[in-house]
Amino acid sequence: MDCDVLIVGGGVAGLSLAWRLAPSLGVVLVEAEDSLAYHTSSRSARQMQPAYGPAPIQELTRRSIAMVERLSARLPAPILMPRPMLTLGTAGEVARLVAGNSNLVALTHAETMERSPELRPSTFEASALDCTAMEVDVPALLEHYRSQAVAAGAVVLTGSPASGVESSQGRCRVSAGSHTITAGTVVDAAGAWADAVAAQFGARPRGLQPHRRSVAIVSTQNPPDPGGPMVEPADESFYYRPDGGLLLISPCESVPADPGDAQVEEADITELIQRIGEVTTVGITGVVRAWTGLRTQPADGLPVVGFDADVPGFFWLAGQGGYGIQTSAALATLAAGLITGGTADGDGWLVEALSPQRAGLGWAKRSSACRA
Ligand SMILES: Cc1cc2nc3c(=O)[nH]c(=O)nc-3n(C[C@H](O)[C@H](O)[C@H](O)COP(=O)(O)OP(=O)(O)OC[C@H]3O[C@@H](n4cnc5c(N)ncnc54)[C@H](O)[C@@H]3O)c2cc1C
């Protein structure tokens with residue numbers, strides 16, 4: 001099989017890029033697992049929060065929300081829902097948060113209790129509210145990316161791990177399961193495996209470290225208002241959010257892990273249930289289901305996006321950490337622009353901030369498996 005761009009990885013990164021590229025280029029996407037988005041992309045908290053993360057992430061999130069709002073309008077049911085974010089803290093903590101982010105509005109203690117009456121009043125002084133935060137239907141978003149890519153001609157192959165690589169006349173020949181694919185550009189969208197995939201192509205790893213994080217859906221005696229906000233303390237040590245008549249909770253652990261099928265550590269959830277009992281009156285009665293995923297990022301916490309300077313035709317789209325859903329539409333657009341040579345004027349600062357060659361990633365010259 002011959003194509004312009006081979007994308008390795010069928011999570012949100014690979015699927016969103018296929019969506020942006022397929023209208024103009026021949027795209028093949030290979031996914032190692034038998035189903036798409038088996039790993040981190042189907043294990044998120046499904047939030048899009050413009051006030052979350054460093055400046056490049058906030059910018060990409062704002063753009064992505066606008067794009068997803070537009071595509072949502074064409075779908076049978078909306079896939080974005082307002083889900084304000086309430087950050088609890090001391091008066092000082094809240095003042096600092098609000099001073100540093102124009103999306104946040106300070107709420108008094110009484111206003112906070114009105115928003116989230118399940119809180120125990122003595123456990124916080126004030127809060128900061130972000131009304132621009134959204135909850136997103138991730139399966140619907142992923143299906144939109146996939147179906148639009150396929151409709152535009154992309155070929156999506158599951159059960160096809162990219163493994164052997166050869167180069168010939170400036171093109172890469174890649175074995176992926178029972179397929180052999182030749183491509184001028186190979187995109188590494190392999191999530192927790194991105195450094196390992198890069199090494200196969202002769203690219204120097206960028207220090208992309210997976211960290212496990214868990215989420216549980218629990219039942220409660222006193223379920224909060226289903227339209228209520230997501231709530232977290234200022235130290236981001238946990239969060240909870242109404243989820244239909246249930247509650248979604250996360251201990252926000254960030255524990256280095258090897259790439260793999262991440263599994264829940266029961267103690268993380270047990271301790272969190274106790275903590276939520278201390279700060280709220282919801283009364284958790286049982287765990288309905290729980291899961292763990294891997295948030296993968298380099299030392300400076302920003303995604304790694306762009307062509308590798310040492311390996312012609314090798315393109316990075318990795319290291320999205322805890323922001324891969326909320327930045328996906330805009331990050332894919334930026335990546336597609338870099339691949340087709342058409343980034344928007346004014347995006348230079350983003351391209352530089354995310355460059356695989358930026359300082360701090362341990363970039364160094366290395367020989368290439370894809371060099372002609
Ligand atoms: C608990 C939790 C909550 C989160 N909440 C949010 C949130 O609210 N909002 C947000 O924006 N983000 C959130 N995130 C982060 C977000 O989920 C990730 O940033 C995003 O899913 C990463 O997508 P990805 O496509 O890079 O990785 P993945 O979804 O892991 O996809 C990579 C794919 O590459 C495949 N692959 C690997 N090697 C090969 C190979 N050799 N050949 C073929 N395929 C290969 C893997 O099988 C995998 O399917 C959360 C993460 C976790 C764990």
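Just so you know, ligand 1 is whichever comes first in the structure, and atom 1 is the first atom listed for that ligand. Remember, it's a predicted structure, so these values are computed and weren't measured experimentally.
Annotation: F307 is not in aromatic contact with F314 [ring centroid separation under 6.0 Å not met].
Atoms of ligand 1 found under 4.0 Å from any heavy atom of R43, numbered from 1 in the order shown, are 1 (C), 2 (C), 3 (C), 52 (C). Taking a cut-off of under 4.0 Å to the non-hydrogen atoms of G9, the atoms of ligand 1 that pass are 33 (C), 34 (O), 35 (C), 44 (N). Interface of V215 with ligand 1, defined as ligand atoms under 4.0 Å from a residue heavy atom, comprises 1 (C). Counting the atoms of ligand 1 from 1 in the order shown, those under 4.0 Å from a heavy atom of A189 are 32 (C), 34 (O). Atoms of ligand 1 lying under 4.0 Å from any heavy atom of S44, numbered from 1 in the order shown and given with element: 2 (C), 3 (C), 4 (C), 5 (N), 6 (C), 13 (C), 14 (N), 17 (O), 50 (C). Against a heavy-atom cut-off of under 4.0 Å, R295 is close to the following atoms of ligand 1: 51 (C), 52 (C), 53 (C). Proximity to E33 (heavy-atom distance under 4.0 Å) selects the following atoms of ligand 1: 47 (O). Close approach of ligand 1 to A13 (heavy-atom distance below 4.0 Å) involves ligand atoms 25 (O), 26 (O).
If you check the side chains of Q49 and R83, you find no donor sitting under 3.5 Å from an acceptor. When only modelled atom types and interatomic distance are considered, E253 and S214 share a side-chain donor-acceptor pair under 3.5 Å. A side-chain donor-acceptor contact under 3.5 Å links S219 and T285. Side-chain N/O atoms of N222 and T281 include no donor and acceptor closer than 3.5 Å. Side-chain contact, S16 with S328: no donor N or O sits under 3.5 Å from an acceptor N or O. Checked by atom type, the side-chain pair E33/H39 shows a donor-acceptor distance below 3.5 Å. Residues T333 and R20 bring a donor and an acceptor atom of their side chains to less than 3.5 Å of each other.
With a 4.0 Å cut-off on non-hydrogen atoms, W193 touches ligand 1 through its side chain and not its backbone. With a 4.0 Å cut-off on non-hydrogen atoms, T327 does not touch ligand 1 at all. When non-hydrogen atoms are compared, ligand 1 lies under 4.0 Å from neither the backbone nor the side chain of M48. Counting heavy atoms under 4.0 Å from ligand 1, residue P259 does not touch it at all.
Of all protein heavy atoms, the one lying nearest to atom 8 (O) of ligand 1 is Q47 N, 2.9 Å. Among all non-hydrogen protein atoms, the one lying nearest atom 49 (O) of ligand 1 is E31 OE1, 2.7 Å. Protein heavy atom nearest atom 12 (N) of ligand 1, with residue, atom name and distance: G322 O, 3.0 Å. Protein heavy atom closest to atom 19 (O) of ligand 1, with residue, atom name and distance, is G321 O, 2.7 Å. Residue, atom and distance of the protein heavy atom nearest to atom 24 (P) of ligand 1 are S41 OG, 3.8 Å. Of all protein heavy atoms, the one closest to atom 44 (N) of ligand 1 is A32 N, 3.0 Å. Protein heavy atom closest to atom 26 (O) of ligand 1, with residue, atom name and distance, is Q320 OE1, 3.6 Å. G11 CA, 3.5 Å is the protein heavy atom nearest to atom 31 (O) of ligand 1.
Ligand 1 has a nitrogen or oxygen under 3.5 angstrom from a nitrogen or oxygen of I325. Considering both main-chain and side-chain atoms, A45 comes within under 3.5 Å of ligand 1 through a nitrogen or oxygen pair. Backbone and side-chain nitrogen or oxygen atoms of Q326 are examined, and one is located within less than 3.5 angstrom of a nitrogen or oxygen of ligand 1. Any N or O atom pair closer than 3.5 Å counts here, and G293 shares no such pair with ligand 1. The shortest N or O to N or O distance between A162 and ligand 1 is under 3.5 Å. When only interatomic distances are considered, the shortest N/O to N/O separation between G14 and ligand 1 does not fall below 3.5 Å.
Listed by first and then second residue, the side-chain hydrogen bond (donor to acceptor under 3.5 Å, both in side chains) pairs that reach into residues 266-280 are R212-D268, S237-R275, sequence neighbours excluded.
The side-chain contact (heavy atoms from CB on, under 4.5 Å) test with M134 is passed by exactly one of E69, R46, Q47, M85: E69.
For the atom pair OG1 of T61 and CE of M48, the computed distance is 6.5 Å after rounding to the nearest 0.5 Å.
For the pair S250 and ligand 1, no heavy-atom separation below 4.0 Å is found.
Taking the ring axis of Y38 as reference, the NZ or CZ atom of R43 stays within 45° of it and closer than 6.0 Å to the ring centre.
Using a 4.5 Å heavy-atom cutoff, the side chains of P210 and D258 are not in contact. Contact of the F201 side chain with the D308 side chain is not registered, since no non-hydrogen atoms from C-beta on lie closer than 4.5 Å. No side-chain heavy atom of T90 sits under 4.5 Å from any side-chain heavy atom of F124.
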Worksheet entry | Audit row: R62, Q326, side chain to side chain donor-acceptor pair (under 3.5 Å) steps and yes/no | CA-CA 9 Å; R62 274 193 294 275; Q326 68 180 41; over 6 Å; no

